[in-house]
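First comes the structure, then the notes that go with it.
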Amino acid sequence: GKCGDNLTWTYKAATDTLTISGTGAMYDYGDDENSPWREQQLYITKVTVEEGATTIGRWAFGEVFELREVKLPETVTYISDCAFAMCEILTAINIPSKVTYIGEMCFHNCAKLTNVVLPATLTSLEMYVFADCASLTSITVPGSLVFIEEYALAGCTSLKEVILEEGVPEIGDCMFVSSSALESIVIPASVKEIGYEAFFETGLKEITFVGDAPVFSDGCFAECVATA
């Protein structure tokens, strides 16, 4: 069947594999329109998007609860809202190197996701994009970001290592709320503001500033032990 003007999908029951083929953008789903593989959704364990596809549609693979493996091509530059939300046993994903946008709640509650590499082309961290990824242990936030929305990495209770690259402009509001394993962080000189309750209820004990300290918003270090 079709899942884009020039994209088609096939499902192989023998291997529980969904394959997307063709070129161009994928359709968006959710609200009043379910993905065309809705009937197979509870059985899909592997998704392969072939070279030529340029976007991953809204809610395309959200709530595919048995999804274990995803292959995305280098032609993908845009991953829409909730595209992989609540894929609860997905442990890893390779984000293509030219992706500029990952949508709101894209990986929300991917509870087994342990590691993710964000491309150097990414321009924003959207709201709740990795929130409640309870197994995520480390992440590098690229210096290509222009802005960071609220709760981007909230509730990541295993997150111990965060590398903020030079160029990151801010720490978003509530960015790390309840990421309780986070004990230390280095803030690069490019960061000009730490948002409202950014580190609320983290385990933060040590903060290192490279360059001048940024503007501190209300409650940014509330309910944590911090040494500036």
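Sequential numbering from 1 along the given sequence is applied to the chain's residues.
In this structure, CD1 in I139 is found 11.0 Å from CD in E161, a value given to the nearest 0.5 Å. We find the CD-OG distance between E51 and S21 to be 12.0 Å, quoted to the nearest 0.5 Å. A distance of 12.0 Å separates CD1 in I93 from CG in N115, rounded to the nearest 0.5 Å. Atom OG of residue S124 and atom CD of residue E149 lie 7.5 Å apart, to the nearest 0.5 angstrom. In this structure, the separation between OH on Y101 and SG on C106 is 9.0 Å, given to the nearest 0.5 Å. I89 contributes atom CD1, which lies 3.5 Å from atom CZ of R68 (distance to the nearest 0.5 angstrom).
Nearest approach of I102 to E126, heavy atoms of both residues: O-CG, 3.2 Å. Scanning both residues, F147 and E170, for their nearest heavy atoms gives CA-OE2, 3.4 Å. When all heavy atoms of V64 and C87 are compared, the pair lying nearest together is O-SG, 3.9 Å. When all heavy atoms of V76 and P96 are compared, the pair lying nearest together is O-CB, 3.7 Å. Between A181 and S158, the shortest heavy-atom contact is CB-C, 3.9 Å. Here the closest heavy-atom approach between residue T55 and residue M26 is recorded as OG1-N, 2.9 Å.
Side chain to side chain, D173 and Y151 fail the donor-acceptor criterion of an N or O pair below 3.5 Å. A side-chain donor-acceptor contact under 3.5 Å links E193 and S217. No donor-acceptor contact under 3.5 angstrom links the side chains of T45 and E66, judged on distance only.
Taking the six-membered ring for Trp, F221 and F216 have ring centres closer than 6.0 Å.
Note on M127 and L113: separate hydrophobic clusters, where clusters join Ile, Leu, Val, Met, Phe, Trp and Tyr whose side-chain heavy atoms are under 4.5 Å apart, directly or indirectly. Under a hydrophobic clustering in which Ile, Leu, Val, Met, Phe, Trp and Tyr are joined whenever their side-chain heavy atoms come within less than 4.5 Å, directly or via other members, V116 and F176 fall into the same cluster. No continuous path of hydrophobic side-chain contacts links Y196 to L182 [ILVMFWY only; heavy atoms under 4.5 Å]. Residues I207 and L153 share a hydrophobic cluster, clusters being chains of Ile/Leu/Val/Met/Phe/Trp/Tyr side chains in contact below 4.5 Å. L159 and I187 end up in the same hydrophobic cluster when Ile, Leu, Val, Met, Phe, Trp and Tyr side chains are linked at under 4.5 Å.
Judged by distance alone, the side chain of D28 and the main-chain N or O of R58 form a donor-acceptor pair under 3.5 Å. Using a distance-only test at 3.5 Å, with no hydrogens or angles considered, a donor-acceptor pair links the side chain of D81 to the main chain of E104. Not one N or O on the side chain of S178 forms a donor-acceptor pair closer than 3.5 Å with the backbone of G155. Side-chain N or O atoms of T17 include one that pairs as donor or acceptor with a backbone N or O of T15 at under 3.5 Å. A side-chain donor-acceptor contact under 3.5 Å links S190 to the backbone of V168. Distance alone, capped at 3.5 Å, places no donor-acceptor pair between the T208 side chain and the V186 backbone. Of the possible polar contacts, none joining the T23 side chain to the A53 backbone as a donor-acceptor pair under 3.5 Å is found. At distances below 3.5 Å, at least one donor-acceptor pair connects side-chain atoms of S179 with backbone N or O atoms of C156. A donor-acceptor pair is defined here as one N or O able to donate and one able to accept, closer than 3.5 Å; no such pair exists between the side chain of S80 and the backbone of G57. Although no hydrogens or angles enter the test, the distance criterion places no donor-acceptor pair under 3.5 Å between the side chain of W59 and the main chain of F84.
Considering only heavy atoms from C-beta on, I148 stays 4.5 Å or farther from I171 through its side chain. Proximity of Y27 to K2: side-chain heavy atoms (C-beta onward) are separated by under 4.5 Å at one or more points. Y11 is listed as a side-chain neighbour of I44, based on a closest heavy-atom distance under 4.5 Å. Within the 4.5 Å cutoff, no side-chain heavy atoms of L18 are placed close to those of K46. Side-chain contact between L125 and M175 is present, with at least one heavy-atom pair separated by less than 4.5 Å. At a threshold of 4.5 Å between non-hydrogen side-chain atoms, the residues K112 and L90 do not count as touching. L122 is listed as a side-chain neighbour of L145, based on a closest heavy-atom distance under 4.5 Å. No side-chain heavy atom of E165 sits less than 4.5 Å from a side-chain heavy atom of V141.
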| task | Kindly indicate, with the supporting measurements, whether the criterion side-chain contact (heavy atoms from CB on, under 4.5 Å) is fulfilled by L136 and F107. | result | CA-CA 11 Å; L136 190 67; F107 295 98; over 6 Å; no
| What do the steps show when you test M105 against V129 for side-chain contact (heavy atoms from CB on, under 4.5 Å), and what is the final call? | CA-CA 4 Å; M105 298 179 70; V129 61; over 6 Å; no
| query | Do N109 and E88 pass the side-chain contact (heavy atoms from CB on, under 4.5 Å) test, and can you show the C-alpha distance, the side-chain angles, and the key distance before you say yes or no? | reply | CA-CA 7 Å; N109 202 21; E88 295 176 345; 4.1 Å; yes
| message | Would W9 and S35 count as a side-chain contact (heavy atoms from CB on, under 4.5 Å) here? Give the steps. | response | CA-CA 11 Å; W9 67 278; S35 65; over 6 Å; no
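Checked against I56 for a side chain to side chain contact (heavy atoms under 4.5 Å, CB included), the options I79, I20, T77, V70 give a single hit: I79.
Not counting sequence neighbours, R38 has no partner by the salt bridge (Lys or Arg N to Asp or Glu O under 4.0 Å) test. The salt bridge (Lys or Arg N to Asp or Glu O under 4.0 Å) search around E74 returns none, not counting sequence neighbours.
Here I163 is tied to no hydrophobic group at all, with no ILVMFWY side chain closer than 4.5 Å.
Within 6.0 Å of OH on Y43 lie no more than 12 heavy atoms contributed by other residues, nucleotides or ligands.
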